[in-house]
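Hydrogens, waters and symmetry mates are skipped; everything else that's a heavy atom, side chains included, is used. Naming: A, B, ... by sequence-line order, numbering from 1 per chain.
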Protein chains: 2
Amino acid sequence: MTGRPTLEQVAERAGVSRATVSRVVNGSPTVTPAIRETVQRAIAELGYVPNQAARSLVTQRTDSIALILPESEFRVFSEDQAIPGFIRGVSQELEAADKQLVLMVGGSPSAHDRIERYALARHVDGVIIASMHGADPLPNSLHRMGIPVVCGGRPLGRSTVPYVEVDSVGGARLAVRHLLERGRTRIATVAGPQDMVAGIDRLAGYRRELQDSDRRSIVAVGDFTRESGAVAMRQLLADDPHLDAVFVASDLMAFGALTALREAGRRVPDDVALVGFDDVEQARYAEPPLTTVRQPIIGQGREMARQLLRLVAGEDIPSSVVLPTELVVRSSA
Amino acid sequence: MTGRPTLEQVAERAGVSRATVSRVVNGSPTVTPAIRETVQRAIAELGYVPNQAARSLVTQRTDSIALILPESEFRVFSEDQAIPGFIRGVSQELEAADKQLVLMVGGSPSAHDRIERYALARHVDGVIIASMHGADPLPNSLHRMGIPVVCGGRPLGRSTVPYVEVDSVGGARLAVRHLLERGRTRIATVAGPQDMVAGIDRLAGYRRELQDSDRRSIVAVGDFTRESGAVAMRQLLADDPHLDAVFVASDLMAFGALTALREAGRRVPDDVALVGFDDVEQARYAEPPLTTVRQPIIGQGREMARQLLRLVAGEDIPSSVVLPTELVVRSSA
DNA sequence: CTGAAAGCGCTTACAG
DNA sequence: CTGAAAGCGCTTACAG
């Protein structure tokens, strides 16, 4: 026998038509039990597995979903754990729905064409875009082509593409409120890059909470890397030597800030209280263990997949879903 | 117009046969330049993109490759950076070859059936298996079915499946030799789990190098996690309070060991020199910065993809490729 | 160099 | 409930 068995061969062996085999394979209820069994035996004996390409050609479905990861997240071979978390969440949900995950790296302009062509070639039923820098045109352009899309994080700029995000503003407020409740009075922040929603929103949350308390804001901006956290922290100390607390918009930057504080001879939390954001694995092992805001990365991945599957199935979905964040109190604040 | 344009429509618009359009799309050299241009214009005007399913059905190729990640690597939401590195390397190479990456999570027995069926459905042209615990039957079973497979790391047990691995034995020897050259005399090791090749080989390297130097070996076993590194380190100190060096089989375990040494009042490297393995991002930021063995994770991913593509193309490939490791000397030893 | 035709392996109205 | 037949959108010998 050459190659894998086909429907045709199963039909012949079972003594029925191809249509009937197809019905059995696809679980149609209108098949007489006796015939169903004969067919199933033939399938088992031959080790038949449906050819996906042939099936897609007629159903116009592929049962695969693309997950687009922005290139920049990968460029630095980073300690950040968002990528595996996203993948994990998305794949859990897709697996349960018996869909396949196609991974594409690259939010760079040069990758757009490739991704668009791929989606247009109907190689996937829909697209999940993990997160973006700036006002990426990709989600909108796919959306316009009628391809189901869900974004991770609110797209910047004009957009009607549905998205799933984590409540960054709320998380930042939790962090700042905690510092206020601990009696801190000069609360600075190391903000993230202002061309990313996470950077923008975490700073907005800081500002809003502080505003309610009448304290003035003290801001330095980093780019979510450890080094930038140290640099920003030094700058904050120069700007206000009397600051007694810092909300750092990412754990990685918080580690950098910790180093800078130590160099400057400040004790944490005695002199300066510190709260991070993300709750990466290493946060528990920092010295002192880092108080931080936990965001449900895996949950976000799952929710994105869930929404996309609904969209693919033709259902209506909310234009946005926001997941709650949570403060994890350890020793640094 | 309903749906996306087809070959047929392009042919009609260009006033040629479907065969000719197909030739132009696939870059056949036997097309008259003038006709080629007419067709290309029609393609551009219509925004034609070939339907992948239809193409696969006749070519019997899908131009996609599956990357299988073991579930366990994901279970702990870990600090380990191997996964993104693998993905990065594989996707770089596949992108260059214009192949797609399908990601499947799960080396668990329950996932085997799903993966096998998927490969048999010809949804992918070949399979890359990132790494395995124990003697996983998956590579062999795919191999027997005639599906091109390449493994990351030598498969345990009997196997004829080609693999790409990093020279763990050599790396461990580099580490131990370095400690010997620094004049250390009582060199212990925290080994990795002995059901994983990386665990086994790094211990073998330690033993071999030590054996050449006539020193006795002092061994404790961890499971590559930070916590297990601390536990193992305490045990080593109890076993031999006079040890003056440790080769730890992973950086994460080395971080745990560092904590345990600090608790025990030992200075690193003054009292005890420490060498890790992996060179994860955090190694540079440890206190003291960690001397460790760097392994080319991205390079391994790329090489696996390269070998698999050759296999898919029908070429012969070596039964194994071993990539060199390198000692990165920092302050801990 | 180009076209007519067969065929890849399925699903799905449409009859019966 | 089952089968004959059409058709999904391509590629590729085979003629010419």
Side-chain angles (χ1 to χ4, degrees), chain A residues 1-40 42-43 46-64 117-125, chain B residues 1-40 42-43 46-64 117-125:
Chain A
M1 194 176 60
T2 171
R4 325 258 185 263
T6 66
L7 240 205
E8 179 95 53
Q9 292 170 36
V10 176
E12 192 174 0
R13 180 165 195 126
V16 298
S17 72
R18 280 144 58 202
T20 298
V21 177
S22 176
R23 291 191 188 99
V24 171
V25 168
N26 293 293
S28 158
T30 74
V31 179
T32 306
I35 295 197
R36 178 191 311 281
E37 249 175 56
T38 316
V39 171
Q40 277 166 341
I43 288 176
L46 257 33
Y48 170 71
V49 177
N51 178 310
Q52 184 57 41
R55 181 179 267 175
S56 289
L57 186 54
V58 27
T59 59
Q60 306 276 46
R61 285 182 298 101
T62 63
D63 295 325
S64 338
R117 293 180 67 82
Y118 190 70
L120 280 178
R122 300 185 158 291
H123 214 315
V124 289
D125 297 336
Chain B
M1 194 173 64
T2 172
R4 323 258 184 264
T6 66
L7 240 205
E8 179 94 52
Q9 293 170 37
V10 175
E12 193 174 358
R13 178 163 196 128
V16 298
S17 72
R18 281 145 56 203
T20 298
V21 177
S22 176
R23 289 190 189 101
V24 171
V25 168
N26 293 293
S28 157
T30 74
V31 180
T32 305
I35 295 195
R36 179 192 309 280
E37 251 174 55
T38 314
V39 171
Q40 276 166 343
I43 288 176
L46 258 34
Y48 169 73
V49 178
N51 178 310
Q52 184 57 41
R55 182 178 266 176
S56 288
L57 185 53
V58 29
T59 60
Q60 305 276 44
R61 284 182 298 104
T62 62
D63 294 325
S64 335
R117 294 181 67 81
Y118 189 71
L120 280 178
R122 300 184 157 289
H123 214 315
V124 289
D125 298 336

Worksheet item: Rounded to the Å, how far apart are A:Arg36 CZ and D:dC1 C1'?
Response: 11 Å
Worksheet item: Do B:Ser22 side-chain atoms and B:Arg18 backbone N/O form a donor-acceptor pair below 3.5 Å?
Response: no
Discussion item. Under 4.0 Å, heavy atoms only, any strand: does B:Val31 hit a base, just the sugar-phosphate, or nothing?
Written reply: sugar-phosphate
Worksheet item: Between A:Thr62 and A:Ser56, what is the shortest heavy-atom contact and its length?
Response: CA-OG, 3.6 Å
Worksheet entry | Under-4.0 Å side-chain N/O to phosphate OP1/OP2 contact, B:Asn51 with D:dC8 | no
Discussion item. What is the distance, to the nearest angstrom, from the CZ atom on B:Arg23 to the C1' atom on D:dA13?
Written reply: 10 Å
Item to complete: Can you tell me the distance, in whole Å, between the CZ atom of A:Arg61 and the P atom of C:dT12?
Response: 8 Å
Item to complete: Taking only the side-chain nitrogens and oxygens of A:Ser17, find out if one of them lies under 4.0 Å from OP1 or OP2 of D:dA4.
Response: no
Discussion item. Side chain of B:Thr20, heavy atoms from C-beta onward: which of D:dT11, C:dG3, C:dG9 has the nearest atom to it?
Written reply: C:dG3
Fill in: Residue A:Glu12 excluded, over 12 heavy atoms near CD under 6.0 Å
no
Worksheet item: Starting at CG of B:Leu57 and ending at P of C:dC10, how long is that distance when rounded to a whole Å?
Response: 9 Å
Practice prompt. Please determine, for the side chain of A:Ala19, which listed nucleotide (D:dA13, C:dT12, C:dG9) has the closest atom?
Written response: C:dT12
Fill in: Nearest-Å distance for atom pair CG/P, residues B:Asn26 and D:dA13
13 Å
Discussion item. Testing the basics here: between A:Pro29 and A:Arg36, what is the closest heavy-atom pair and its distance to 0.1 Å?
Written reply: O-NH2, 4.0 Å
Practice prompt. Scan every strand shown for a Watson-Crick or G-U wobble partner of D:dA4, both distances under 3.5 Å, and answer none if you come up empty.
Written response: none
Worksheet item: Closest nucleotide of DNA chain C for B:Val16 versus for A:Glu8: which of these residues is on the 5' side?
Response: B:Val16
Worksheet item: Given C:dG7, C:dC1, C:dT11, which nucleotide is nearest the side-chain atoms of B:Thr32?
Response: C:dC1
Worksheet entry | Check: B:Arg4 and B:Val49 side chains under 4.5 Å, non-hydrogen atoms | no
Practice prompt. Round to a whole Å and report the spacing from CZ of A:Arg55 to P of C:dC8.
Written response: 19 Å
Response to the item:
Result for 5'-nearest mapping on DNA chain D, choosing between A:Thr30 and A:Arg18, is A:Thr30
Item to complete: Using whole Å, report how far CD of A:Gln60 lies from C1' of D:dG7.
Response: 11 Å
Discussion item. Using whole Å, what does the distance between atom P of nucleotide C:dG9 and atom CG of A:Leu46 come to?
Written reply: 14 Å
Worksheet entry | N/O donor-acceptor pair, side chain B:Arg4 with base D:dG9, under 3.5 angstrom | no
